[in-house]
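Worksheet: the structure to be examined is printed underneath.
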Amino acid sequence: MTAPTLPPHSSPTAPAPATDGPADASGVPLGETLHTQVITWFDGNARDLPWRRADAGAWGVMVSEFMLQQTPVNRVLPVYEQWLARWPRPADLAKEAPGEAVRAWGRLGYPRRALRLHGAAVAITERHGGDVPTEHAQLLALPGIGEYTAAAVASFAYGQRHAVLDTNVRRVLARAVTGVQYPPNATTAAERRLARTLLPEEEETAARWAAASMELGALVCTAKNESCHQCPISGHCAWRLAGKPAHDGPPRRGQTYAGTDRQVRGKLLAVLREAHTPVPQAMLDRVWHEPVQRARALDGLVADGLVEPLPGALYRLPLT
DNA sequence: GATTCGTGGTA
DNA sequence: TTACCAAGAAT
């Protein structure tokens with residue numbers, strides 16, 4: 001049997017709608033084939049993650065999405081459980097000091113997310129009666145929620161039809177449809193167009209497709225050491241059919257860490273997370289030898305609202 | 001659009 | 001060991 005091919009990425013025009021696109025050998029529209037195969041695979045291979053359970057609720061989905069921004073699932077799991085147990089509703093978190101959110105964030109990294117999640121909980125309590133809003137635009141207006149997270153919450157929590165373009169889905173589409181190993185560094189208009197084009201018409205199917213294509217990227221179509229032998233769409237993956245050509249163009253920016261302000265900020269905040277009384281500057285001075293960078297990092301934390309300076313050269317996590 | 005923002009696991 | 005990577009957002 002001949003493997004059906006997806007529309008070439010070099011096509012100057014937008015791909016045809018999913019239900020009206022090219023057909024495979026059996027005459028089934030290709031988009032539907034793709035959806036069916038990936039969703040069927042998902043039915044048998046989806047991980048049992050707590051935020052996917054029926055009782056997670058929109059708040060659980062939202063908390064998980066904040067934590068999963070740039071942080072692996074395995075590291076999120078224990079912290080997620082603690083957060084939901086301690087703050088089962090947005091209003092529970094909203095009445096806490098923001099510093100408590102930062103402390104409970106632990107070592108997930110990018111602690112501004114904790115501050116933004118707290119801010120989002122406050123906004124939800126004040127503006128939405130304590131319920132995570134259902135509209136994409138309302139979600140987008142909350143602190144810490146961007147294009148991806150708004151679509152993810154609306155899709156996963158409320159079953160709506162949105163193009164959910166995270167790094168996993170972008171990689172799956174780059175390979176399966178466009179025929180390249182990696183997507184561009186930043187999300188492009190062409191990627192959004194493609195994702196919208198491939199979105200199933202039916203709302204429930206679209207939401208299922210979003211979760212399934214993301215899971216495929218996370219478990220099978222991984223950045224390195226992809227497992228094409230267990231991929232449900234390997235038979236019509238443009239990248240694989242092209243012989244899996246290596247990524248050309250500029251290497252994707254490595255993120256050096258040692259010696260950066262980020263590392264210093266991390267060390268400073270680690271001290272403050274552990275302390276339950278205001279910390280003297282002298283104690284913070286011990287985390288980094290270079291005074292100029294140390295001061296810059298501390299100032300940055302204060303400017304970001306992650307640290308509250310007190311009279312007498314004392315510092316703590318923010319109470320307000 | 002390019003940068004900045006943590007942390008830890010893996011090859 | 002260095003380099004890359006992990007469900008992005010804000011500026």
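Residue numbers start from 1 in every chain, and the chains themselves are labelled A, B, ... in the order their sequence lines are given, proteins ahead of strands. All of these numbers come straight from a predicted model, not from anything done at the bench.
To the nearest angstrom, C1' of C/dG8 lies 15 Å from CE of A/M67. As rounded to whole Å, 14 Å separates atom P of C/dA10 from atom OH of A/Y148. Rounded to whole angstrom, the span from the CG atom of A/L139 across to the C1' atom of C/dA9 amounts to 15 Å. If you measure from atom CD of A/E147 to atom P of B/dG1, you get 13 Å, rounded to the nearest angstrom. Put simply, CG on A/N74 is 19 Å from P on C/dC5, counting in whole angstrom units. Rounding to whole angstrom units, CG of residue A/N185 and P of C/dC4 are separated by 12 Å. The distance from atom CE of A/M62 to atom C1' of C/dA9 is 13 Å, rounded to the nearest whole Å. Put simply, CG on A/L117 is 16 Å from C1' on C/dA10, counting in whole angstrom units.
Take the nearest nucleotide of DNA chain C for A/F156 and for A/L140: the residue whose nucleotide is more 5' is A/F156. Between A/L142 and A/T222, the one whose closest nucleotide on DNA chain C sits nearer the 5' end is A/T222.
Of the possible polar contacts, none joining the A/R52 side chain to the A/F156 backbone as a donor-acceptor pair under 3.5 Å is found. Of the possible polar contacts, none joining the A/R208 side chain to the A/I39 backbone as a donor-acceptor pair under 3.5 Å is found.
Side-chain contact, A/N45 with A/E215: no donor N or O sits under 3.5 Å from an acceptor N or O. A donor-acceptor contact closer than 3.5 angstrom links the side chains of A/Y148 and A/E65. No hydrogens or angles considered: a donor-acceptor pair under 3.5 Å links the side chains of A/R113 and A/T71.
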Reading nucleotides 6-11 of chain B 5' to 3', which nucleotides get B (base under 4.0 Å from a protein heavy atom), which S (sugar-phosphate only), which -?
BBB---

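Within the nucleic acid shown, A/L268 has no heavy atom closer than 4.0 Å to any nucleic acid atom. If you check every strand for non-hydrogen atoms under 4.0 Å, A/T149 touches sugar and phosphate atoms only. The residue A/W105 sits apart from the nucleic acid: no heavy atom pair falls under 4.0 Å.
At the phosphate of C/dA6, OP1 or OP2 sits under 4.0 Å from a side-chain N or O atom of A/R171.
C/dA6 and B/dC5: their C1' atoms are spaced 15 Å apart (whole Å). The separation of C/dC4 from B/dT3, taken at their P atoms, amounts to 16 Å, rounded to a whole angstrom. Taking atom P in both C/dA9 and B/dG8, the straight-line distance is 23 Å, to the nearest Å. Nucleotides B/dT4 and C/dA7 place their P atoms 23 Å apart, quoted to the nearest Å. Taking atom C1' on both C/dG8 and B/dG1, the two are 16 Å apart, rounded to the nearest angstrom.
By the side-chain hydrogen bond (donor to acceptor under 3.5 Å, both in side chains) test, A/R192 is found to be paired with A/E147, residues two or more places apart in sequence or in another chain being considered.
Under a hydrophobic-cluster definition in which Ile, Leu, Val, Met, Phe, Trp and Tyr are linked whenever side-chain heavy atoms come within less than 4.5 Å, directly or via other members, A/L34 and A/L199 are assigned to the same cluster.
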Donor-acceptor contacts under 3.5 Å from residues 80-87 of chain A side chains, at least two apart:
| from | atom 1 | to | atom 2 | distance (Å) |
| --- | --- | --- | --- | --- |
| A/W83 | NE1 | A/A104 | O | 3.1 |
| A/R86 | NH2 | A/E100 | OE1 | 2.8 |
| A/W87 | NE1 | A/E96 | OE2 | 3.1 |

